[in-house]
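In what follows, a structure is listed as structure tokens, so that the remarks can point back to it.
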Amino acid sequence: MFKLQELIRRDMDKLAKNITTEQGKTLKDAHGDVFRGLEVVEHSCGMATLQMGEYVPNVASGIDTYSVREPLGVCAGICPFNFPAMIPLWMFPVAVTCGNTFVLKPSEKDPGASIMLAELAIEAGLPPGVLNIVHGTNDIVNAICDDDDIRAISFVGSNTAGMHIYGRASAKGKRVQSNMGAKNHGIVMPDANKDATLNALLAAGFGAAGQRCMALSTIVFVGDSESWLNDLVERAKGLKVNAGIEPNADLGPVISKQAKERICRLVQSGVERGAKLLLDGRNVVVPGYEQGNFIGPTILTGVTADMECYKEEIFGPVLVCMKADSLEDALNIVNRNKYGNGASIFTTSGAVARKFQTEVEAGQVGINVPIPVPLPFFSFTGNKASFAGDLNFYGKAGVNFFTQIKTVTQQWKDLPSGSGVSLAMPTSQKL
Ligand code: NAD
């Protein structure tokens with residue numbers, strides 16, 4: 001892992017360029033994609049303490065019990081398109097460092113970064129057969145779910161695929177950790193720092209063209225903060241939509257024509273149900289890239305909880321805005337949503353922030369932080385419909401996911417002779 005992290009740093013630009021070319025995000029954002037994965041490789045370098053077992057001497061006279069964490073065997077990972085480097089790196093470094101072999105299925109939409117990372121892993125000295133890549137779509141995924149040799153599956157992607165894989169692989173007795181869709185809310189309190197908040201909302205809503213599972217896709221303006229909407233729209237108009245490879249690009253295209261059509265349909269459904277389109281990026285044309293699947297920053301306001309554009313994850317550069325009269329109302333909106341990946345609040349009040357942190361039902365909470373993804377010594381802790389399984393990705397939970405516990409009870413003492421055979425269940429008194 002030390003060597004792998006060195007090689008990833010060496011090839012950072014190459015990896016980022018591949019991601020931009022295949023996935024479309026800006027080069028700067030693609031560097032971030034690699035960097036957030038690299039952090040997991042670095043974390044894996046120091047993982048030994050997390051693999052330590054437990055030991056109790058003298059559970060009975062002359063008898064000690066200890067536990068060790070052992071690898072599971074063959075594990076597998078199934079990846080989405082939106083982070084072609086970070087998500088494979090959430091998976092295989094942890095699995096392999098725990099002593100497992102790994103079968104990685106990258107997204108069929110942008111598998112290049114996975115291949116490059118596997119080549120680096122081989123160069124770093126990973127023995128043949130430890131990391132394997134298979135390409136494909138549903139049939140290959142189903143084969144992974146059904147394979148008797150595979151003991152655990154890490155999945156990241158949509159709820160449709162995630163719940164299918166969770167059900168099918170669990171029924172075969174496998175461990176599954178499944179990180180899925182999201183609808184992350186940002187609550188804006190009237191006392192927030194206006195300038196910093198607006199910048200945070202733009203970055204978290206439109207960065208990566210909204211194709212992040214931790215994008216802040218819904219804003220709940222509390223009280224007078226709604227008057228900031230005009231400024232938000234003006235700032236959004238200043239963002240540059242362009243091919244990710246162009247140096248001035250703030251946001252690149254979405255992943256496919258189908259994705260663009262779906263996003264446009266969801267925006268239109270909001271308009272038809274009475275939401276107001278303050279900024280419409282659906283018809284943006286980028287000179288030189290006229291066939292690109294671009295959507296410019298789009299802002300819908302007056303959105304209500306029953307609208308499809310609110311209930312569905314849009315996964316595009318669309319901010320859906322709602323209004324609440326108080327923090328309680330805003331919390332009710334967030335907590336009634338089925339997803340629980342992340343939620344953030346923008347405020348200068350410690351008391352408000354504390355109440356939010358305590359009462360919000362989201363797994364990753366931001367206080368004046370728009371995308372609160374923790375570093376890998378914590379875990380990625382989405383909850384509710386955003387996660388299925390018991391053990392989260394990376395951190396201590398990640399190590400627990402990729403290991404199983406064995407307990408050993410040993411006796412080293414001079415046994416009294418002539419004490420006879422006892423067929424009764426051993427107890428600590430009689431051992
Ligand atoms: P996706 O579910 O379409 O694809 C993910 C993987 O599942 C791919 O490898 C694909 O080949 C496979 N797959 C898709 N449909 C399948 C099916 N019916 N049967 C078997 N396998 C299937 O997801 P995507 O569009 O690539 O990624 C976007 C989604 O991922 C969004 O919902 C986003 O929120 C989510 N995501 C979640 C997190 C998180 O940590 N919670 C992180 C990144 C992305």
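In each ligand, atom 1 is the first atom listed, and ligand 1 is the first ligand listed. Keep in mind it's a predicted model, so treat the numbers as computed, not measured.
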Using a 4.0 Å heavy-atom cut-off, which part of [X] comes near ligand 1: side chain, backbone, both, or neither?
| X | result |
| --- | --- |
| Phe393 | neither |
| Phe387 | neither |
| Phe380 | side chain |
| Glu313 | side chain |
| His164 | side chain |

Within 6.0 Å of CD in Glu54, more than 12 heavy atoms from elsewhere: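 Count not over threshold, so no.
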
Check the surroundings of atom CG in Asp306: do more than 12 heavy atoms from other residues, nucleotides or ligands lie under 6.0 Å from it?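 Yes.
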
Numbering as shown, the atoms of ligand 1 that approach [X] to under 4.0 Å (heavy-atom distance):
| X | result |
| --- | --- |
| Asn341 | 41 (N) |
| Val141 | 20 (C), 21 (N) |
| Trp90 | 40 (O) |
| Glu108 | 8 (C), 9 (O), 10 (C), 11 (O) |
| Ile87 | 42 (C), 43 (C) |
| Gly181 | 32 (O), 34 (O) |
| Ile78 | 6 (C), 7 (O), 9 (O) |
| Asn82 | 43 (C), 44 (C) |

Got [X] and [Y] here, is their nearest side-chain heavy-atom distance under 4.5 Å?
| X | Y | result |
| --- | --- | --- |
| Leu266 | Ile263 | no |
| Trp228 | Leu198 | yes |
| Phe2 | Leu4 | no |

Quick one: which of Cys79, Ser107, Gly157 has a heavy atom closest to atom 9 (O) of ligand 1?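 Result: the heavy atom closest to atom 9 (O) of ligand 1 is in Cys79.
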
Tell me whether the rings of Phe81 and Phe315 are parallel (<30°), tilted (30 to 60°) or perpendicular (>60°).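 Aromatic pair Phe81/Phe315 classed perpendicular.
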
Geometric class of the Tyr66/Tyr55 ring pair [parallel <30°, tilted 30-60°, perpendicular >60°]: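 It falls in the tilted class, 30° to 60°.
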
Identify the heavy atoms of Met189 and Val222 that sit nearest to each other, and give their distance.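 Minimum heavy-atom separation between Met189 and Val222: SD-CG2, 3.8 Å.
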
List the atom of Lys183, the atom of Tyr310, and the distance in Å for their closest heavy-atom pair.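 Shortest heavy-atom contact: CE-O, 2.9 Å.
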
Under-4.0 Å protein heavy-atom contact, atom 4 (O) of ligand 1: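 It does not: no protein heavy atom is found less than 4.0 Å away from atom 4 (O) of ligand 1.
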
Identify, for atom 24 (P) of ligand 1, the protein heavy atom at the shortest distance, and state residue, atom and that distance.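 For atom 24 (P) of ligand 1, the nearest protein heavy atom is Phe81 CD2, 3.5 Å.
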
Do Glu261 and Arg265 sit within salt-bridge range, that is, some charged N less than 4.0 Å from a carboxylate O?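 A salt bridge is absent here (no side-chain N lies under 4.0 Å from a carboxylate O).
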
